Amino acid sequence: MPFGEVTITLEDVATLTGLAIDGDAVIVDIPDEDWSAMCLRLLGQAPTDLGGGVIRITWLRDTFDELPLSASPETTEQYARAYALSLIGGVLFSDRSGGSVHLQYLLLVEDWRRAGRFAWGAAVLSYLYREMGRSALQMTASSSLGGDFGGWAALLMLWTWERFPHTSPLHAVTGAQITQDAVPRGIRWLPAQTRQHGDQFYLYKLWFDECTTFVVSI
């Protein structure tokens with residue numbers, strides 16, 4: 001990059017989030033089967049309103065809220081896929097739909113071994129750049145002062161705090177301690193008592209805990 005320019009890199013993604021930046025490309029295929037049939041096969045259940053293969057994330061979280069104690073291995077995998085799908089559509093590759101995710105992403109977690117070989121971090125970064133680019137173009141076309149964008153916005157927030165520490169809200173919290181040896185490095189920006197420092201911190205912690213759990217699970 002030219003001197004004086006900064007941007008989020010793959011190294012930032014790896015060190016801040018722990019997501020893999022090497023591996024197979026995250027490519028989504030269009031299935032041969034009907035959306036409802038695929039949903040029943042991989043999740044065991046399907047909503048009645050599957051228009052265009054789009055599913056509400058709230059339906060996923062309500063339907064697969066708690067795994068039964070007597071769940072079979074097949075049911076356990078279905079619940080894991082539902083959780084991963086809500087994480088993919090609601091956090092890592094979120095859009096501006098208002099809480100929906102396309103079922104095509106479900107194919108990414110059909111085979112857990114294959115899912116573990118994906119370069120999730122590289123895909124997250126490229127998707128975030130695409131969304132920010134689209135937002136910037138819309139702002140230019142409409143002369144607007146602001147625009148929404150999809151993607152994992154918490155990654156942008158983490159990178160900002162890591163590269164420009166004075167912008168972190170932690171610096172405004174009296175007695176807040178920044179952990180220097182955290183792994184992944186991004187969690188060092190979370191205060192020890194997250195709930196005590198406001199909803200913004202707690203919401204972010206939920207996002208990060210979900211993504212970390214996803215990384216460990218695959």
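As the structure is a computational prediction, the values presented were derived from the model and not from experiment.
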Please say yes or no: joined through hydrophobic side-chain contacts below 4.5 Å, possibly via intermediate residues, are Val28 and Val109 part of one cluster? yes
Are the side chain of Thr63 and the backbone N or O of Leu60 linked by a donor-acceptor pair below 3.5 Å? no
Is Leu42 reachable from Val54 through a run of hydrophobic residues whose side-chain heavy atoms are each under 4.5 Å from the next? no
Show the nearest heavy-atom pair for residues Gly89 and Val101, with the distance to one decimal. CA-CG2, 3.5 Å
List the atom of Arg114, the atom of Ile27, and the distance in Å for their closest heavy-atom pair. NH2-O, 4.4 Å
What I want to find out is whether Asp12 reaches Arg163 closely enough, with some N-O distance under 4.0 Å, to be called a salt bridge. yes
How long is the gap from OH on Tyr105 to CD1 on Ile88, to the nearest 0.5 Å? 8.5 Å
On a heavy-atom basis, the closest approach of Ile21 and Leu10 is CG2-O, 3.5 Å
Spacing of Leu108 atom CG and Phe118 atom CZ [to the nearest 0.5 Å]: 5.0 Å
Output yes when a side-chain donor or acceptor of Ser126 lies under 3.5 Å from a complementary backbone atom of Ala123, and no otherwise. yes
Validation row: Met38, Leu107 side chains within 4.5 angstrom (heavy atoms): yes
Without hydrogens or angle criteria, can the side chains of Thr15 and Arg185 be said to hold a donor-acceptor pair below 3.5 Å? no
If you look only at distance, which donor and acceptor atoms sit under 3.5 Å apart when one is on a side chain in residues 66-77 and the other is two or more places apart or in another chain?
from: Ser72; atom 1: OG; to: Thr75; atom 2: N; distance (Å): 3.2
from: Ser72; atom 1: OG; to: Thr75; atom 2: OG1; distance (Å): 3.1
from: Thr76; atom 1: OG1; to: Ser72; atom 2: O; distance (Å): 3.0
from: Glu77; atom 1: OE1; to: Arg81; atom 2: NH2; distance (Å): 3.0

Evaluate side-chain contact (heavy atoms from CB on, under 4.5 Å) for Ser100 paired with Ile55, printing each intermediate quantity in order. CA-CA 6 Å; Ser100 298; Ile55 192 170; over 6 Å; no
What pairs with Tyr127 under ring pair (Phe, Tyr, Trp, His ring centres under 6.0 Å), at least two apart in sequence or on another chain? Phe93
Quick check: does any side chain N or O of Trp120 sit under 3.5 Å from a backbone N or O of Ala115, one acting as donor and the other as acceptor? yes
